[in-house]
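To start, the structure itself, in structure tokens.
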Amino acid sequence: MPLSENATPTTPPDDAAAASAPARSWRVPVVVETPQHSGLTSPLDYLAPTALPPGTLVRVPLGRRTVLGVVWDTPAAGPDALPDVQLKPVAEVLDGLPPLPAEWRQLVGFAAGYYQRALGEMALMVLPPELRQLDATQWGRREKRLHKAVARHDDSVATAERPPLTPQQADALDALAEPGSPKPFLLWGSTGSGKTEVYLRQAERALEAGQQVLMMVPEINLTPQLEARVAARFADRRIVSLHSGLTPAQRLRNWLMAHYGHADLVLGTRLAVFTPLPRLGLIVVDEEHDPSYKQQDGARYSARDLAVYRGHLHKVPVILGSATPSLESWFNALPLAEGGTGRYRRLAMPARVGDGNMPTVRVLDLSRAPKPARGDSAPPLARELLSAITERVERGEQSLVLLNRRGYAPVLQCGDCGWKSGCPHCSAWRVFHKVDRTLRCHHCGFTERVPRACPDCGNQDIAPVGRGTERLEEQLAEALPGARLGRIDADVTKHKGALEAQLASVHAGEVDVLVGTQMVAKGHDFRRITLVAAVNPDAALFASDFRAAERQFALLLQAAGRAGRDAGVAGHSEMWVQTWHPMHPLYQALRCYDYADFARQQLKEREMAGLPPYASLAMLRAEGRTQEAAQAFLLEAARLVQDHAGEAVRLYPPVPTPVQRVANVERAQMMIESPQRLALQRFLAAAQSVWLAQAQQHRRSGLIRWAVDVDPLAI
DNA sequence: AGCACGCCGACT
DNA sequence: GTCGGCGTGCTC
């Protein structure tokens, strides 16, 4: 439905309402935060003394409280849906705040519809949390302070030099400058090819045209780095960041700067995709393949997909950048003639800036390595790898060793009776953390001190099984005497400032060997690393999740990109992969950095299996007191909507989730698949109301909650 | 989700 | 006698 920008009253003075309310009143639809299961999915009607244009922020009474709401375009449900409700008046209007623009409302409306969430939930969720707290008086004070801050802006700083463009960057920028209604661009550039420079040059064009730029990165960790670079380039521009790491006041302030049009560049994580931007001229999604762009709880939206929709809405270019695009984006950037959809335009930048080559890949066959000494339960580190690291240490170069598992060992086991360190509340093992001698469940957080002896049989001999980053660090310290070790993982970085401190010591050359989980592989720029090693990459090869290989390939390639960024050392930099399956196609493609070939293999498999991007998926998830309760809900959910499904939509049998029980809640899921996205959408919309009513019934028999995940990342 | 109302056990 | 446990129900 087309949305009107003008401020005509949504509904003319209503006789019935006017009769029961003071003088003449307008009836306005307002969206408020009403969760899905409340059954109130459309806007609620209120009375206002004057016409309020759509997008106006108001405070309205809801039950016994007063909540923030947004005036909406569409009148609330048809007249019959509101029988004898006595309409209440709008309590306050947040004056001075420009109405949220039509494009914003349309984006939110689309997201709510597509991801099957209540409109109000979606709308309120993407507003700064602080805004929800303020009444009109408090808002007035904030607004005054903000205007003072705007006046204080200092734009007298010098702007950094622009580096010369590589031919490939120049070509990409030429393509971006071509006139005409733009398709989204997939900027496919290898790590170090200078994608950021392309973003900055294109941003410059938008800024010069008086437009605003939205740049997104997958993780908070990466915003300071990008912000520094953007600030150096556009010192005379106002730049704000938006992510969940800001204080509520900062977040509100930055959001307002964007909404008022004062901020020229907005840098942020996925939530930034909803920032109202009156002069939007460019959207950049860096590392577009990164799973962090998909929200993993509540309204499970994909910020990358919404960015594409938003670009279309505002008719502005969208750049999706990656060295290893998601298969969805790759497929969209393949021309029709090559079996893709041709919806995106691909811009390739295969070469690294400054003649740096990608490191040589060395796939090390563990089955041919000498067996570890008997009685040593730690998984092996190949001797060749250790000597390659030793050489680096001696030369004063740095190495990065990746292991995607934190803690000391994923499980403890009793050598006598076979007891294992299970979590009493989850169907998962508790991880042994040697640093503080605890057993910690990574799912529910349940933590205990490590028992002295086996809780079952009293045996003193309980041993760690497997290896996490703590143990790897210990192993490397033993094997490389004299080497200075560092570690970066979620346990280290949960202390404020620890990541920055650790990165600084790596940059200062105080660390020879850095151990880390995937978080170090992402985006951090290390100049002196000449060896990157993945010591246990095989797990992903046999995971049940069909996207595991895609993720692993991206991670390994991204990790390889950490090495040899300086041309001086690039010549002898190496990427090591120690594996039991050296011939696996994933490693073969990695050897020659052939993403295109890897994508071709994967797409073929997906097509044969009827999986994305050749099909659309949704997951109906249920949580219950018992596994039976969760599955019973899903079974009946399937039965009730069987007729709606028809030919085009297929419902799979309910199954327990990969981790079946978390914090004593049993979880099950049911996959829903269709070759046509639209058919799936229509089905879900129809099914939603059926399931809503059904869920009420099942609450008594042990259903706790349920939700639909559209385009799930993990299955 | 909040935040009520509502009807049964251990405390000032 | 009240404080408070969380079961059920409503919000324009």
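Order of the sequence lines fixes the chain letters, A, B, ..., with proteins taken first and strands second; residue numbering starts at 1 for each chain.
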By nearest-heavy-atom nucleotide on DNA chain B, the more 5' of A/Glu33 and A/Arg64 is A/Glu33

Compute whether any side-chain donor of one residue and acceptor of the other, for A/Arg251 and A/Asn254, lie under 3.5 angstrom apart. no

Can you run down the salt bridge (Lys or Arg N to Asp or Glu O under 4.0 Å) pairs that involve residues 112-130 of chain A, sequence neighbours left out, and say none if there aren't any? A/Arg117-A/Glu121, A/Glu130-A/Arg142

In whole Å, what is the span from the CG atom of A/Asp45 to the P atom of C/dC12? 11 Å

Spacing of A/Leu44 atom CG relative to C/dC10 atom P, expressed in whole Å: 16 Å

Round to the nearest Å and state the distance from A/Leu40 atom CG to C/dT11 atom P. 8 Å

For A/Arg310, the salt bridge (Lys or Arg N to Asp or Glu O under 4.0 Å) test, sequence neighbours excluded, returns none

Take atom CZ of A/Arg132 and atom P of B/dG2, then tell me their distance rounded to the nearest Å. 9 Å

Scan the side chains in residues 51-60 of chain A for donor-acceptor partners under 3.5 Å anywhere in the protein, sequence neighbours excluded, and list what turns up.
{"unit_1": "A/Thr56", "atom_1": "OG1", "unit_2": "A/Pro53", "atom_2": "O", "d": "2.6"}
{"unit_1": "A/Arg59", "atom_1": "NH1", "unit_2": "A/Arg132", "atom_2": "O", "d": "3.3"}
{"unit_1": "A/Arg59", "atom_1": "NH1", "unit_2": "A/Leu134", "atom_2": "O", "d": "3.1"}
{"unit_1": "A/Arg59", "atom_1": "NH2", "unit_2": "A/Thr66", "atom_2": "O", "d": "3.3"}

Partner set under salt bridge (Lys or Arg N to Asp or Glu O under 4.0 Å) for A/Arg405, not counting sequence neighbours: none

Under 4.0 Å protein heavy-atom contacts per nucleotide of nucleotides 3-9 of chain C, with B for base, S for backbone only and - for none: -------

A/Asp436: which residues meet the salt bridge (Lys or Arg N to Asp or Glu O under 4.0 Å) condition with it, sequence neighbours left out? A/Arg440

Could you give the NZ-to-C1' distance, from A/Lys88 to C/dC10, as a whole number of Å? 10 Å

Closest to the A/Arg65 side chain, choosing from C/dC12, B/dA4, B/dG2: B/dG2

